[in-house]
Amino acid sequence: MCASIAGASPYTTAVKGLADVDPASHSTDEFLDRLGAVLDEVPALADRRWELILAMESMLSTEERIPNASSALGKLIADVRVEQSLKAEARRSVLAEPMLTAEAVATALGSHSVNPRQYANAKRRKGVLLGLPVKNRYVFPAFQVDAERSTIVPGVAEVNALLIAAEDPWGVASWWFSVNGWLGIAAEDPWGVASWWFSVNGWLGRKRPVDCLGSAAGTEAVVTAARAEVAPIG
């Protein structure tokens, strides 16, 4: 196992952890086992562990020799690092929008539940409300709730259900430079859905979906845009 390097980024640590392992002098299985052990020590890469291992396995199977395995891994990790940085930036942008706690959602909807947090989270689990995981709790974009009428804003539940239930686990749209902004919509990806609501949208004349709610025509246009987003390509 490699020891963490004081002050080094987790990405640098992962690359250095393989610097002394030459795939030319190890079997592919031995090298991939070593790669897995190194990635296990880097929490920042935990959710991409198998993706990195499979990518390296593909490299090893298509090339007779990789002169510098750490350099090849470094490129893979660099790509992940850029993607994670972009996603982190998108999440910060989303969290800059007004948010409600689960308890505040329950109050705004007029719930008298003895467990207001459970009330709001039940609607999240059903795909009616969009909730975003922040540490050990969920926060809810405030635009979804009309506190004056104690109801969910028209169109919100339908759109959330469409986007959260998207069938493509890799994302209906790419995180990379879409005309609709930073989408990244995927099953069980509430951040991608939130980005959809808060990003300019080509189907809406480059307006944000969240800004089109409030009128019957605007709500219908948002629902139509969401349907177009999840429609099969081709």
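Taken to the nearest 0.5 Å, the CG atom of L100 stands 9.0 Å off from the CZ atom of F140. If you take CZ on R91 and CG on L95, they are separated by 9.0 Å, rounding to the nearest 0.5 Å. Summarising the geometry, atom CZ belonging to F143 is positioned 9.5 Å from atom CZ belonging to R208; distances are rounded to the nearest 0.5 Å. A distance of 11.0 Å separates CG in L132 from CZ in R137, rounded to the nearest 0.5 Å. One finds the OH atom of Y138 at 14.0 Å from the CE atom of M99 (value rounded to the nearest 0.5 Å). How far OG1 of T107 is from NE2 of H112: 10.0 Å, rounded to the nearest 0.5 Å.
For the pair L213/V222, a side-chain contact is recorded, criterion being any heavy-atom separation below 4.5 Å from C-beta on. Proximity of V94 to W197: side-chain heavy atoms (C-beta onward) are nowhere separated by under 4.5 Å. Taking 4.5 Å as the limit, every side-chain heavy atom of D146 sits out of range of all side-chain heavy atoms of I152. K123 is listed as a side-chain neighbour of L109, based on a closest heavy-atom distance under 4.5 Å. Side-chain contact between L130 and R124 is absent, with no heavy-atom pair separated by less than 4.5 Å. Contact of the Q144 side chain with the V128 side chain is not registered, since no non-hydrogen atoms from C-beta on lie closer than 4.5 Å. Between F198 and D211 the shortest side-chain heavy-atom distance does not fall below 4.5 Å. When side chains are defined from C-beta on, E220 does not count as touching V223, because their heavy atoms never get closer than 4.5 Å.
Between P190 and G131 the shortest heavy-atom distance is CB-O, 3.3 Å. Scanning all heavy atoms of the two residues, the minimum distance from L162 to A226 falls at CD1-CB, 4.0 Å. Closest approach of A90 to S195, counting heavy atoms only: CB-OG, 4.2 Å. Pairing each heavy atom of L204 with each of A221, the nearest pair is CD2-O, 3.5 Å.
The salt bridge (Lys or Arg N to Asp or Glu O under 4.0 Å) pairs that include a residue from residues 107-118 are E103-R117, where partners are two or more places apart or lie in different chains.
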Requested in this report: Report the C-alpha distance between W196 and L163 in whole Å, list the side-chain angles of each, state the deciding distance to 0.1 Å, and finish with yes or no for side-chain contact (heavy atoms from CB on, under 4.5 Å).
Outcome: CA-CA 9 Å; W196 186 88; L163 299 183; 3.5 Å; yes
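Between the side chain of Q118 and the backbone N or O of N115, no donor-acceptor pair lies under 3.5 Å.
Under the side-chain contact (heavy atoms from CB on, under 4.5 Å) criterion, S111 pairs with A106, S113, Y119, not counting sequence neighbours.
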